[in-house]
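Structure first, then comments.
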Amino acid sequence: MESLEVLLEECERLHGHMCAGQLLGARMALLGCRLIGVNDPRGADRKKLIVWVEIDRCMTDAISAVTGVRLGKRSLKFVDYGKVAATFVNTDESRAVRIVALEEARSLADERFPEIANKRERQFRAYSEAKDGELFKAEEVNVEVSEFDLPGSPRSRVICSVCGEGINDGREIAGADGVFCKACEGRSYYSKRGNATD
Ligand SMILES: [Zn+2]
Ligand SMILES: [Zn+2]
């Protein structure tokens with residue numbers, strides 16, 4: 001892996017700005033990869049790594065930049081728990097580690113560097129110098145990785161009996177009178193207003 005400095009440049013490019021979240025996310029990604037034995041996530045080990053992130057904030061982009069995982073490659077999974085946490089899975093060895101930023105890490109900057117007036121500088125200094133154990137809790141976990149969640153071509157494709165739209169990778173719900181997409185089954189995040197094309 002490159003040095004943290006080099007990785008942070010990459011984070012800034014992908015994310016659009018440098019922020020404390022990039023530093024925290026980059027450190028989380030480095031720790032996660034190390035703990036599951038993935039040494040070269042963007043090179044030789046790229047097919048071994050899947051990361052579940054639990055929040056859609058700055059940190060998520062840093063994890064993506066450092067490890068190369070992407071939604072479009074199915075190597076990045078998003079579960080919306082609203083937590084500064086991510087689980088790193090080595091699919092070759094079935095090793096998985098979940099890392100969460102400690103609540104105490106939030107006050108580390110103020111406690112340790114009160115003399116630095118600028119909050120951003122305070123956070124950068126603290127997040128650079130803190131030990132992994134001061135920033136994160138890491139636990140070994142089991143993650144059931146379904147074949148339907150793996151990278152590669154879709155494992156199945158069916159058509160929803162109601163809307164006629166195609167559904168990949170087993171995301172349909174089977175009912176007595178057909179298969180349904182999640183939207184038609186009542187789990188839609190949108191409501192329809194009308195046709196948008198002429
Ligand atoms: Zn940011
Ligand atoms: Zn449907």
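Indexing begins at 1, ligand by ligand and atom by atom, following the structure's order. Note that the structure is predicted; figures quoted are calculated from it, not measured.
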Between R70 and S64, does any side-chain donor sit less than 3.5 Å from a side-chain acceptor?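 Yes, because at least one side-chain N or O of R70 sits under 3.5 Å from a partner of the opposite role on S64.
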To check your reading of the site, what angle at the Zn ion (ligand 2) do SG of C184 and SG of C160 form, to 10°?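 Rounding to the nearest 10 degrees gives 110°.
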Okay, side chain of N195, backbone of T197: is any donor-acceptor separation there less than 3.5 Å?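 No; zero donor-acceptor contacts below 3.5 Å.
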Taking D45 as the fixed residue, which of K48, R42, K47 is the one that meets the side chain to side chain donor-acceptor pair (under 3.5 Å) rule?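 Only one option passes, and that is K48.
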Apex the Zn ion (ligand 1) - arms SG from C58 and NE2 from H15 - angle rounded to 10°: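 Vertex the Zn ion (ligand 1), arms to SG of C58 and NE2 of H15: 100°.
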Do L135 and L102 pass the side chain to side chain contact (heavy atoms under 4.5 Å, CB included) test, and can you show the C-alpha distance, the side-chain angles, and the key distance before you say yes or no? CA-CA 6 Å; L135 295 176; L102 294 169; 6.0 Å; no
Can you tell me the N, O or S atom of H17 that's nearest the Zn ion (ligand 1)?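 Nearest N/O/S atom of H17: NE2.
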